[in-house]
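Single-structure report; data block below.
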Amino acid sequence: CNSPWYCVTCTRNKRERMKASMANRKTRSESGYFRPINAERWWQQRSHSLVQVAIKRGFLPNLKTGEYACMDCGAVAVEYDHRDYGRPFDVDPVCRSCNKQRGTAIWPTAERFLFERVGTPQATERAA
């Protein structure tokens with residue numbers, strides 16, 4: 001079919017795909033926490049871009065100068081490593097091989113964003 005805008009079969013298939021997509025979205029959001037399909041990638045890109053902005057503005061040192069040592073082995077650090085993508089500025093300067101050995105950081109989940117309300121017994125215990 002050369003023009004899917006006018007073809008009846010293509011229009012019907014498109015409608016069915018849209019219905020299936022909406023049904024999938026409803027099942028993902030039933031838990032009360034809507035998690036996009038590429039949520040992990042979004043958190044990772046967000047954290048890395050925030051670190052790049054912090055380097056440009058001078059809040060984090062630039063590792064390309066070769067002045068900083070790796071946190072694990074003491075070699076020249078060339079990268080910043082995240083251990084938790086929910087805390088984008090909590091980074092360690094590491095060399096490339098140590099960064100690969102450390103593996104992927106922790107992904108933020110819905111449970112990490114459940115906070116206690118002021119005045120509840122749990123919050124009062126922690127404040128004391």
### Message
Quick check: closest heavy atoms across Asn99 and Val94, and the distance to 0.1 Å?
### Response
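Minimum heavy-atom separation between Asn99 and Val94: CB-CG2, 3.7 Å.
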### Query
Do Val76 and Leu63 share a hydrophobic cluster (ILVMFWY, side-chain heavy atoms under 4.5 Å, transitive)?
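Different clusters: Val76 never reaches Leu63 through Ile, Leu, Val, Met, Phe, Trp or Tyr contacts under 4.5 Å.
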### Query
In terms of hydrophobic clusters joined by side-chain contacts under 4.5 Å, are Met71 and Val91 together?
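No; tracing contacts between hydrophobic side chains, which count when under 4.5 Å, never links both residues.
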#### Entry: Approximate separation, where rounding is to 0.5 Å, of Gln44 CD and Ser49 OG
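If I round to the nearest 0.5 Å, the distance is 11.0 Å.
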### Message
To the closest 0.5 Å, what do you measure between SG (Cys70) and CZ (Arg96)?
### Response
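With rounding to 0.5 Å, SG (Cys70) is 12.0 Å from CZ (Arg96).
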### Task
Give every residue pair that meets the side-chain hydrogen bond (donor to acceptor under 3.5 Å, both in side chains) criterion with at least one member in residues 62-71, sequence neighbours excluded.
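Qualifying pairs: none.
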### Message
Please check this pair: side chain of His82 against backbone of Pro88, looking for a donor-acceptor N/O pair closer than 3.5 Å.
### Response
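Yes, because the side chain of His82 sits within donor-acceptor range (under 3.5 Å) of the backbone of Pro88.
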### Query
Any chance CZ of Arg46 has more than 12 other-residue heavy atoms, nucleotides or ligands included, within less than 6.0 Å?
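Yes - once you tally the heavy atoms of other residues, nucleotides and ligands closer than 6.0 Å, there are more than 12.
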### Message
Tell me whether the count of non-hydrogen atoms from other residues, nucleotides or ligands lying under 6.0 Å of CZ in Arg83 goes above 12.
### Response
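More than 12 within 6.0 Å, yes.
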### Task
Only counting residues at least two apart or in another chain, list the ones meeting salt bridge (Lys or Arg N to Asp or Glu O under 4.0 Å) with Arg102.
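Arg102 satisfies salt bridge (Lys or Arg N to Asp or Glu O under 4.0 Å) with Asp72, Asp81, Asp92 only.
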### Query
Are Tyr85 and His48 close enough that some pair of their side-chain heavy atoms sits under 4.5 Å apart?
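Side chain of Tyr85 against side chain of His48, heavy atoms only: contact under 4.5 Å found.
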### Task
State, with a plain yes or no, whether a side-chain heavy atom of Leu60 is found less than 4.5 Å away from one of Val51.
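Yes, at least one pair of side-chain atoms sits under 4.5 Å.
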### Query
Is Leu50 isolated, or which residues cluster with it under the ILVMFWY side-chain rule of less than 4.5 Å, directly or via members?
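Besides Leu50, the cluster holds Phe89.
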